[in-house]
Amino acid sequence: MSTTIRLSGARPDDVPLTEVFESRSTERWTRQSPVPFWIHGGQGGGLMCSVHPTGPDAYDVYAADGVQLARITRRAGRFLPWPRRIRWTAQISGMPRPFKGKVGSWYSWLAYALTAPVWLLFFLGMLVYSLIEGDTSDTSLDGPTRTRWSTAGSGTALDYRGIGKVYHFEPQRLDVRVAYAQAVLHAWERVR
């Protein structure tokens with residue numbers, strides 16, 4: 001087992017909603033070399049879905065019976081020739097329009113860019129402090145991270161709020177298995 005999915009506000013000793021398993025290999029999941037993973041949970045703790053990489057930043061989500069549920073893709077952000085945010089797309093099988101999510105909102109990135117000199121000074125101070133303390137594991141300078149997955153006409157189906165590191169999910173708009181797979185890929189992309 002590599003990770004769990006829990007209800008917001010659940011205690012660490014509570015039973016998780018689902019558990020995520022990776023294959024037994026020496027490789028860990030990275031964007032450069034993704035490995036398949038399986039999500040178990042639900043009523044009997046059985047297999048809910050599996051996620052298999054199909055190419056660079058592309059993943060297929062399969063139900064327990066092998067039927068393809070969705071294809072999840074990630075498009076990297078860039079700064080030049082014009083800024084573009086990281087974009088996630090979940091194309092659900094049988095649906096004409098995909099669920100799309102962009103990392104950060106345009107106004108949060110604008111505020112982040114305008115206050116960049118302050119963030120840079122804060123980061124340098126934090127880096128010097130962490131070098132003196134001997135722990136450099138928390139010296140990241142991340143930009144806005146809130147991500148909302150929605151499709152035209154249906155509203156937000158999955159919402160990641162970066163400050164609390166919490167996903168909010170609307171089960172009537174998106175299959176729970178696809179939402180869990182998207183949340184795991186999104187979370188692993190940020191920490192691995």
Side-chain angles (χ1 to χ4, degrees), residues 2-10 12 16-18 20 29-32 34 37 39 49 51 56-59 61 69-92 95 97-127 137-192:
S2 60
T3 193
T4 58
I5 299 173
R6 298 181 181 277
L7 284 173
S8 177
L17 292 174
T18 62
V20 181
W29 187 94
T30 65
R31 278 200 6 254
Q32 290 76 26
F37 61 90
I39 300 177
C49 66
V51 179
D57 291 335
Y59 310 88
V61 181
L69 297 172
R71 171 162 286 180
I72 297 174
T73 57
R74 178 191 179 274
R75 193 169 92 183
R78 68 173 183 220
F79 186 70
L80 294 174
W82 58 84
R84 184 178 72 193
R85 298 178 276 170
I86 296 171
R87 296 177 188 208
W88 288 93
T89 304
Q91 179 63 53
I92 311 299
M95 286 187 67
R97 295 183 183 164
F99 285 89
K100 296 181 179 182
K102 296 179 183 176
V103 176
S105 59
W106 68 268
Y107 50 86
S108 63
W109 278 106
L110 178 65
Y112 183 77
L114 291 175
T115 60
V118 175
W119 286 105
L120 184 60
L121 288 174
F122 176 72
F123 175 72
L124 290 174
M126 186 173 60
L127 183 63
S137 62
D138 192 25
T139 56
S140 62
L141 187 60
D142 295 333
T145 57
R146 183 171 189 175
T147 308
R148 291 181 186 159
W149 287 267
S150 61
T151 188
S154 76
T156 301
L158 184 64
D159 185 8
Y160 171 72
R161 298 181 183 167
I163 293 175
K165 296 180 175 57
V166 174
Y167 291 89
H168 295 272
F169 164 61
E170 293 292 332
Q172 68 272 17
R173 295 189 179 141
L174 183 62
D175 187 331
V176 67
R177 298 166 294 185
V178 175
Y180 286 167
Q182 176 65 76
V184 169
L185 288 169
H186 184 255
W188 284 0
E189 183 263 335
R190 290 180 294 106
V191 298
R192 292 186 177 194

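When a residue number appears, it is its place in the shown sequence, counting from 1. Just so it is clear, the structure is predicted and the values come from calculations on it, not from any experiment. Basis for what follows: all heavy atoms, side chains included, without hydrogens, waters or symmetry-related copies.
Ile86 has its side chain out of reach of Thr147: every pair of non-hydrogen atoms, C-beta onward, lies at least 4.5 Å apart. Considering only heavy atoms from C-beta on, Phe122 stays 4.5 Å or farther from Val118 through its side chain. For the pair Trp188/Val20, a side-chain contact is recorded, criterion being any heavy-atom separation below 4.5 Å from C-beta on. Within the 4.5 Å cutoff, the side chain of Trp149 has heavy atoms near those of the His186 side chain.
The two residues Ala187 and Tyr167 make their nearest non-hydrogen contact at N-OH, 3.4 Å. Minimum interatomic distance between Ile72 and Gln182 (heavy atoms only, all atoms of both residues): CG2-OE1, 3.2 Å. The two residues Cys49 and Leu69 have their closest heavy-atom pair at CB-CD1, 4.5 Å. Trp109 and Val103 get closest at one heavy-atom pair: NE1-O, 3.0 Å. Here the shortest heavy-atom pairing between Phe169 and Ala179 reads CE1-CB, 3.3 Å. Closest approach of Ser150 to Gly155, counting heavy atoms only: CB-O, 3.2 Å.
With rounding to the nearest 0.5 Å, the separation of CZ in Arg173 from CG in Leu158 is 11.5 Å. For the atom pair Leu185 CG and Thr73 OG1, the distance stands at 10.5 Å (nearest 0.5 Å). Here Thr89 contributes atom OG1 and Arg71 contributes atom CZ; the two are 12.0 Å apart, rounded to the nearest 0.5 Å.
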(message) Would Val178 and Ile92 count as a side chain to side chain contact (heavy atoms under 4.5 Å, CB included) here? Give the steps.
(response) CA-CA 8 Å; Val178 175; Ile92 311 299; 3.6 Å; yes
(request) For the pair Tyr180 and Leu17, evaluate side chain to side chain contact (heavy atoms under 4.5 Å, CB included) and give the outcome as yes or no after the intermediate values. (result) CA-CA 10 Å; Tyr180 286 167; Leu17 292 174; 3.5 Å; yes
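When Lys100, Lys102, Arg84, Arg85 are each tested for a side-chain contact (heavy atoms from CB on, under 4.5 Å) with Arg75, only one passes: Arg84.
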